Amino acid sequence: MVKKTLIATTAISVGALMLSACGSSDGGSASGKDDGKITMGFAQVGAESGWRTANTKSIQDSAKEAGITLKFSDAQQKQENQIKAIRSYIQQKVDVIAFSPVVETGWDTVLLEAKRAHIPVILTDRAVDSKDTSLYKTFLGSDFVVEGKKAGQWVVDNAKDADTNGDGKIDVVQLEGTTGAAPAIDRGEGFADATKANPAIKVVASQTGDFTRDGGKKVMETFLKTQKHIDVLFAQNDDMGLGALEAIEAAGLKPGQDIKIITVDAVHDGMQALADGKFNFIVECSPLLGPQLMDLAKKVVAGQEVEPRILTEETTFDQAQAKEALPTRKY
Ligand code: AHR
């Protein structure tokens, strides 16, 4: 697998995909194991959000630091592209495959192909919905249900403020992530679960904005036209919340006051909106998974046992905490 190439700039086109190699890559055996060098094939979801950009950078930087050759592909949010990329990595006999599945279901066949080729697979960021857990070695990432619960708990704890027109009802609109994606399913579930505690809180409209700014803006425009009154917006990521801000301001309303806004991620632009009083609460979802991923890759390639589930540590931010955290925020 290991080729004599210089880092970062090599790009190989595979169908609609962009596959590129970066990291150390000077010679070695076909498997990369004889000389201790490792090649990882990483199938990324896309570049849909600020979170994803930070996640990609973390993975690319960490691979370089760890001396791991990285073959990287961007699936443009399409499962078929990710499956093609994984098949291409199997053909290229990489030492380890890592990926963040765009949706939860439909992975068993390609993961079985990797297993039969004796290539270990690591799930990062998002999980797959498969009964056969032997198809991957470990899953590194957040607990999205807990993230949704934290968002819902904020509405429960701030119910008086969140009832922006004081009519005794808290009408919530939800911007969902990509349909079928683990964070969209789980955050929605967690939010619903936490808000059950107060029957005044109701999700009156919920639609996908595909985790993008543009999607968030367009769907929010529709919500503003179709809903009589909106007290709270729960955007399942910062980017959709930021798009929605534009729609809210264009409708002559004050985000953060007329409509309370809760998001997930805590990327720089989201934290800025929170510090500026336009968002009310952000649940952190850390994209900095690269260093842990590279450690895990070394272990699984060496045949060592790893924990089947590795959880990311995360916090939450209110407006004051965002002001304090912003100057040192890494992404
Ligand atoms: O899977 C993580 C989610 O994907 C992030 O919350 C979102 O911003 C991204 O697109």
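Start at 1 and go down the list; that is how both ligands and their atoms are numbered. What you see is a predicted model; the values in this text were computed from it and never measured.
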Have a look at ligand 1 and work out which part of E147, if any, has a heavy atom under 4.0 Å from it: side chain, backbone, both or neither. neither
Could you verify whether a donor N or O on one side chain and an acceptor N or O on the other, from S142 and E314, lie under 3.5 Å apart? yes
Does the side chain of K115 pick up a donor-acceptor pair with the side chain of S134 at under 3.5 Å? yes
Interfacing atoms of ligand 1 (cut-off 4.0 Å, heavy-atom, [X]):
X    : answer
S49  : 7 (C), 8 (O), 9 (C), 10 (O)
P183 : 1 (O)
F211 : 7 (C), 10 (O)

What is the nearest protein non-hydrogen atom to atom 10 (O) of ligand 1, stated with its residue, atom name and distance? E48 OE2, 2.5 Å
Considering only protein heavy atoms, which is closest to atom 3 (C) of ligand 1, and at what distance to one decimal place? R126 NH2, 3.8 Å
Does ligand 1 come near enough to R187 that some N or O of the ligand is less than 3.5 Å from an N or O of the residue? yes
For the 3.5 Å polar cut-off, considering only N or O atoms, please tell me whether R52 and ligand 1 meet it. yes
Is there a donor-acceptor pair closer than 3.5 Å between any side-chain N or O of N55 and the backbone N or O of W51? no
From the list L123, I83, L135, D132, side chain to side chain contact (heavy atoms under 4.5 Å, CB included) with W107 holds only for I83
Could you check whether any heavy atom of D239 sits closer than 4.0 Å to an atom of ligand 1, since that is the contact criterion I want to use? no
Any heavy atom of D265 closer to ligand 1 than 4.0 angstrom? yes
Any carboxylate oxygen within less than 4.0 angstrom of a Lys/Arg side-chain nitrogen, looking at K218 and D214? yes
May I ask you to check if R87 and Y89 form a cation-pi contact, with NZ or CZ under 6.0 angstrom from the six-membered ring centre and within 45° of the axis? no
Kindly write out the residues that satisfy salt bridge (charged side-chain N to carboxylate O under 4.0 Å, His left out) with E48, not counting sequence neighbours, or none if the list is empty. R52, R126
For atom 2 (C) of ligand 1, state which one of T124, V264, D125, V267 supplies the nearest heavy atom. D125
Kindly write out the residues that satisfy ring-ring contact (aromatic ring centres under 6.0 Å, His included) with F279, not counting sequence neighbours, or none if the list is empty. none
